[in-house]
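Everything numeric in this text was worked out from a predicted model, so none of it was measured.
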Amino acid sequence: MEAKESRPQGFPELKNDTFLRAAWGEETDYTPVWCMRQAGRYLPEFRETRAAQDFFSTCRSPEACCELTLQPLRRFPLDAAIIFSDILVVPQALGMEVTMVPGKGPSFPDPLREERDLERLRDPAAVASELGYVFQAITLTRQQLAGRVPLIGFAGAPWTLMTYMVEGGGSSTMSQAKRWLYQRPQASHQLLRILTDALVPYLVGQVAAGAQALQLFESHAGHLGPQLFSRFALPYIRDVSKRVKAGLQEAGLAPVPMIIFAKDGHFALEELAQAGYEVVGLDWTVAPEKARERVGKTVTLQGNLDPCALYASEEEIGKLVQQMLNDFGPQRYIANLGHGLYPDMDPEHVGAFVDAVHKHSRLLRQN
């Protein structure tokens, strides 16, 4: 495994590579586990760290990002860390204003309304230099992790970023963004290409800075049907993986496993499994055995406990985890939730989830 492990800046040696081995499809002694949004408001120490700061100021502070990334690892024996950041730093770097409104979420005061608004966007080639603070956070965190577990970098996929830039924030229908797809297909492709051109050097830069795996979040896949998805989302998802892999090679960096997580994109599982990613993340609406049948044996699956299962008793969490592990099988699998942790979740229950994965996956391998 050591050959695949890039240590460009004399980083500490990795002590637990279970997550990376599972991602590459190699055998593991137990099932590795991490949680989406594991650095989050469900932790009292997170709220204390973040209390005095504006959200995006926190994102721009490498020290704060490092601290928030490490907090869940001090509590739980997770098998991976994911850098604390946000997918919307990319639209910001393209010159759009984004604020985080308490209780409401992200807001773009001046969203893209007309085709000519695309002219306002900065050159995507300049984005990586705008996001140096993310690279600094990754390098610092990788040093501070001291090789305990691998560090995951991430970005939002082009369609998901486009929805925020056009809608001006979250939306239950994505009707403005979808209106673009139907009324302005050419401009939509132009925007999606701009985003792809921004994402590729950003993701390669994360690996150069020390990220050991990458996850692409297509959080709004479910707003598209199969036709729109295959026209406006999938080609760019494919392009990102192809170009990032080529970019790593050009930069003389070792390959890292890439994860695609398309929430509610169950209609495109086969296509996602062939999109050039080592790992396909599943939300909780997909049956593991059926997913395995559909994607075949060439990719690792990640997921997919309903996050709300963490409201159950610790005993019940254990049973649900056991069932999930049985359904996914022992190899080519990374345990996770089917979406991120919610702010009102009990940290003790997160610990029960992590422990149950470790315990039951070891038992499963003995039988």
Side-chain angles (χ1 to χ4, degrees), residues 86-96 98 106 108 111-124 127 154-203 214-245 258-277 280-283 285-286 294-295 339:
D86 195 87
I87 64 172
L88 298 180
V89 298
V90 169
Q92 273 185 336
L94 283 166
M96 294 192 77
V98 192
F108 288 68
L112 304 175
R113 284 285 173 246
E114 304 293 330
E115 206 160 324
R116 62 169 186 268
D117 291 342
L118 295 181
E119 292 160 25
R120 297 186 346 226
L121 299 176
R122 282 197 195 117
D123 175 2
V127 163
F154 72 90
W159 157 249
T160 292
L161 295 178
M162 173 180 169
T163 62
Y164 285 105
M165 293 162 80
V166 173
E167 295 283 345
S171 157
S172 57
T173 59
M174 298 298 161
S175 61
Q176 293 309 310
K178 288 174 76 174
R179 174 194 290 238
W180 269 58
L181 303 185
Y182 284 111
Q183 290 184 354
R184 306 188 180 111
Q186 260 46 56
S188 297
H189 281 299
Q190 192 191 339
L191 174 53
L192 292 162
R193 276 194 299 271
I194 289 169
L195 286 162
T196 304
D197 290 345
L199 287 169
V200 171
Y202 177 47
L203 288 166
L214 295 170
Q215 177 154 315
L216 195 68
F217 284 88
E218 188 69 281
S219 311
H220 298 161
H223 291 280
L224 301 174
Q227 283 82 10
L228 287 179
F229 187 83
S230 66
R231 269 184 76 193
F232 294 101
L234 192 61
Y236 300 99
I237 287 172
R238 281 201 192 109
D239 212 28
V240 167
S241 74
K242 192 170 99 196
R243 289 171 58 190
V244 167
K245 286 176 185 330
M258 294 180 69
I259 307 164
I260 177 66
F261 175 64
K263 185 169 184 292
D264 297 320
H266 43 80
F267 52 80
L269 263 187
E270 291 85 351
E271 290 85 350
L272 290 164
Q274 286 158 26
Y277 294 76
V280 174
L282 302 176
D283 64 50
T285 65
V286 183
R294 288 173 58 190
V295 306
H339 197 232

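Closest non-hydrogen pair, A221 versus F229, comes out as CB-CE1, 3.8 Å. Between S241 and M258, the closest heavy-atom pair is CA-CE, 3.8 Å. Residues P124 and L94 come closest through the heavy atom pair CA-CD2, 4.0 Å. When all heavy atoms of G281 and I259 are compared, the pair lying nearest together is N-CG2, 4.3 Å. Contact between A155 and I87 at its shortest, heavy atoms only, is C-CG2, 3.9 Å. Heavy atoms only, all atoms of each residue included: P201 and A198 are closest at CD-O, 3.5 Å.
For D197, the salt bridge (charged side-chain N to carboxylate O under 4.0 Å, His left out) test picks out R243, with sequence neighbours left out. Under the salt bridge (charged side-chain N to carboxylate O under 4.0 Å, His left out) criterion, E114 pairs with R184, not counting sequence neighbours. Checked against salt bridge (charged side-chain N to carboxylate O under 4.0 Å, His left out), K245 has the following partners two or more places apart in sequence or in another chain: E278.
Atoms CG and OG1, from L191 and T196 in turn, are 9.0 Å apart once rounded to the nearest 0.5 Å. Residue L216 holds its CG atom at 14.0 Å from OH of Y236, rounded to the nearest 0.5 Å. Distance check: L199 CG to I194 CD1 gives 12.0 Å after rounding to the nearest 0.5 Å.
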(message) Under the criterion side-chain contact (heavy atoms from CB on, under 4.5 Å), I'd like the reasoning laid out for Y277 against V240: C-alpha separation, chi angles, the key distance, then a yes or no.
(response) CA-CA 10 Å; Y277 294 76; V240 167; 3.8 Å; yes

Identify all side-chain donor-acceptor contacts of residues 157-166 below 3.5 Å with residues at least two apart in sequence or on another chain.
unit_1, atom_1, unit_2, atom_2, d
W159, NE1, H220, O, 2.9
T160, OG1, E218, OE1, 2.5
T160, OG1, S219, N, 3.0
T160, OG1, H220, N, 3.1
T163, OG1, T160, O, 2.5
T163, OG1, H220, ND1, 2.9

Residues 175-182, side-chain donor-acceptor partners within the protein, below 3.5 Å, at least two apart:
unit_1, atom_1, unit_2, atom_2, d
S175, OG, T173, OG1, 3.4
K178, NZ, H223, O, 2.7

Side-chain donor-acceptor pairs of residues 260-274 under 3.5 Å, sequence neighbours excluded:
unit_1, atom_1, unit_2, atom_2, d
E270, OE1, R294, NH2, 3.0
E270, OE2, R294, NE, 2.9

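Looking only at side-chain heavy atoms (C-beta outward), R231 and L224 stay at 4.5 Å or farther from each other.
Under a 3.5 Å cut-off, the side chain of R122 and the backbone N or O of A93 do form a donor-acceptor pair. Of the possible donor and acceptor atoms, one in the side chain of D117 sits under 3.5 Å from a partner among the backbone N and O of R113.
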